[in-house]
Amino acid sequence: MRRHRTALLLAAPSVVLLVGVFAGAMLTLLEYSFHQYLPDGTDIAHTAVTWQTFLTGGYHWQIVGETVVLGLITTVAAAVVGYPTAYALHRVRQPRWRYVGLFIIFAPLLTSVVSRTYGWELILGDSGVLNSLLEPAGLGPVELLYERSSVVIALVHILLPFMVFPIIQSLGQLDPAFGEAAGDLGAGAFLRFVKVTLPLTMPGLIGGAQLVFALSISSFATPSLLGGGRVNVLATEIYDNVNNVDWPLAAVSSYALLALAVVALGVFGWLQRRTGRAEQGGVTAAGAASTGARGWSGWLVAVYAYVLLPLVIIVINSFSSVSYGTWPPPGFSAKWYANLFEQEGLGAATLLSLEVAIAATVLAMVIGTAVAVALVRHRMPGRGPLQSFVLSPTVVPKVAFGFAGFIYLHRLGLFGGVAGLVVTHTVIVLPFVVIVVTAALMRADATLDAAAKDLGAAPLRAFRLATLPQIRPALIAAALFAFVVSFDEVDMTVFLLSPDQNTLPVWMFIYMQKFQDPTLAALSTLLIVAALAIAATVAVLLARSGVFSSLTPSPEEPVEKVKEGTSA
Amino acid sequence: MTAAATGGGPDAELRGIRKVYDNGARGVEQVDFTVATGEFFSMLGPSGCGKSTTLRILAGLEEPTSGEVLIRGEPMRGRPAHRRPTNMVFQRLALFPHLTVADNIAFGPKLRRKPARQVSEIVGSMLDLVDLAGYDARYPAQLSGGQQQRVAIARALANEPAVLLLDEPLGALDLRLRVQMQQALKRIQHDSGTTFVYVTHDQVEALTMSDRMAVMNEGRIEQIGPPAELYRSPATKFTATFLGDTNLYEGTYDGGLLEAEGIGVKVARPGRAVSVRPEHVAVGKDLDCANRYHGRLEDVIFQGASTRYHVRLASGVLVISERREEAGSTLTVGDEVETGWDVDAGVVLDH
């Protein structure tokens, strides 16, 4: 035990937080699913009646089915859009344009889900952008809003980066020698792609599909706002059950959603192992650069337009002179910005969001970096299970954890305070911090740390002097990412606020449920501007830390140099 | 198995090949050579000399800026790699990790839409050729380095190419495996009767395996010929120094004597430099050679079958000698010795 004392001390804070908050809440939720509420309000414990009702009622299975269908359609659509996009970006020859492309694809991640959903409402609405374009052409009006299709369009938009990222990474790892070898053996461009590129990047595609499916079945704000009550999935069902004060049913629905997420994880994991022959056996050196793209720029421009359109529409609409979302705006004014200052509770909501996001970020950075050091630098027993445990909150749908936290915080008497919000937000941002910092630590050279110790630095000082400078860009990126995730969080937080509390995104969510005027556009515009500034900072920092190196092969080098440099 | 020569002309012919890169990286200049049917032809040179570029131009993976590639007399201009009768064994092998050994070998024949029976026949005979019968269901990651190497060769030969191109295929193997694979390659080439064009920076590899070889430097061919000819009669200073060790003295010719800095060498004909292989240099006392010098023995390096002697002349010039016999064993470092060679041991160079 003594030998591993440092590692245990480093891991302890994260473990305590996850056991105390995450596991505690999920177990309380499990216990609650074995309650039953009678119509007169009586609460019966230790009964499986609610489970029985859920599992035997056709209505609930219909909701499970709708959840799966929505997830599958979104995943397939995201793959159809995402694979060519990743492929095109991978083949962009100029590093500068590749970075611009990556920035455009990833930047929307940093804007609020509510903002982006609002943007799609403006586009797809009856008098929105799309119909204003279709109607003169005699094709409209089409009714897309408050249907599954509008939810899918918005979800693909929101989740596209999660599809593009793993694919572009596996394309980056793909040795171009495979393509050359296939060509040399007689395969033209199409066969090269079908027989070599696609099978070898299949793990990336499946990895992306896994993320998109998991995030789409657990998404709440988008189906709730764009589904107009007609798209009933498990996440919206949980929210409705809570509002109808049927907590046991909400608990059962939460576990059903969690079960679905776990099954999906298993299925996708199995698929990935089956296709995962891409360990590049028979390749003895790192890959060379890819060759340039032809004919792909048109596709990229279309995808950029799709990604940026909702944000642009929001900005334009924020200057509209009328209170309804019509396109094009009949006139322009700045009154919606002025209106922002008259909104009750907006200032308090912004302050609370900042307070929670900053506290959760600092807490997660400190304990997350500590546990990452324990995982990477200390050969202690049980590292695998510890890592799985620390990353486990990513598997649980936020709606489920939000509702679990709601019950749990009530039990602990922490509901309605800032502390409860901070610890729950820390739980959901902790895995991101651990993933980014672990990756950075694995790239960092541990011998520098050893050298510093050898030269007389105490362990903490050695870490500060030798390791910290190496992982600083990753730490900054992780902190900004954690901040943004916490600041924009809706799905979980919506359950955790007492009637007198609001965070900014939840305020926006509630406002959007009630009103359609461009006040939200004005607020979103301000948030987009702030997010773009943050995104630019993150992009620059990540580029400096080399995180993109696997995404962006270096510009083409002379062949002699690449080929012979490896053998010399 | 013999790849019959169809069409006219040698299996491969390069005429005035020139390659210029936009970014200023070195390409190749004025590369000309022909490779006869069934020949084992090597391109040897240091990193960046243009040998791999030349090979890739042959394969159709790169287009030359000017010049012409002919395969069996047929011009290849504008024909990409997948439509050329050449196949390549890549330096990084590039075995498809998602396909079995059999599927890797069948990749080319299947693309050529051969009937299934014929494909499996080809796979079987290729596995026999490279001594891997019974390995058909394995994946590349389950093979050793040498086995992967042989699968890569089998895959390339399965298309029955007019010319097999090999880009430093042994570069990643350790020394022992390399020597084994050199023998295996020679045997496979002999058994299949295929023309091989081989690129390497390892002079021993090129000398032991090739029927003919081209020494390349800075994008140009220095000299072409059989290995023994290139070793014994180098035409340029680069060839002389790159192939084996040599004592090279540059100077001006004057009446049977090449006057180099610190040393005068009697030579057979006028030229700019003289190259003398260490094994032709004697060391000892009271030598009987045309060129004789006094010096001090600076170093004695025992190498097993032979011993090297470094003799420093009073002028500061170093002369290296390598002797097989034990005669010199009485010499010790610091001794005043004589060193020298006959006139015909010195190869006179013009470039």
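Every chain is numbered from 1 and lettered A, B, ... according to where its sequence line falls, protein lines coming before strand lines. None of the values given here were measured: they were computed from a predicted structure.
- Contact of B:Asn87 with chain A is made through backbone and side chain together, with heavy-atom distances under 4.5 Å.
- Note on residues 76-85 of chain B: pairs passing salt bridge (Lys or Arg N to Asp or Glu O under 4.0 Å), not counting sequence neighbours, are B:Glu63-B:Arg84, B:Glu74-B:Arg79.
- Applying the salt bridge (Lys or Arg N to Asp or Glu O under 4.0 Å) rule to pairs touching residues 199-209 of chain B yields B:Arg178-B:Asp202, B:Arg178-B:Glu205, sequence neighbours excluded.
- The aromatic ring centres of B:Phe96 and B:Phe107 sit less than 6.0 Å apart.
- Your options are B:Ala81, B:Pro80, B:Ala59, B:Gly60, and the one with the most heavy-atom pairs under 4.5 Å with chain A is B:Ala81.
- Counting only distance, with no hydrogens or angles, the side chain of B:Thr65 and the backbone of B:Val20 share a donor-acceptor pair below 3.5 Å.
- Only the backbone of B:Ala156 comes within contact range of chain A, with heavy atoms under 4.5 Å apart.
- Ranked by heavy-atom pairs under 4.5 Å with chain A, the list B:Val89, B:Val151, B:Leu111 is led by B:Leu111.
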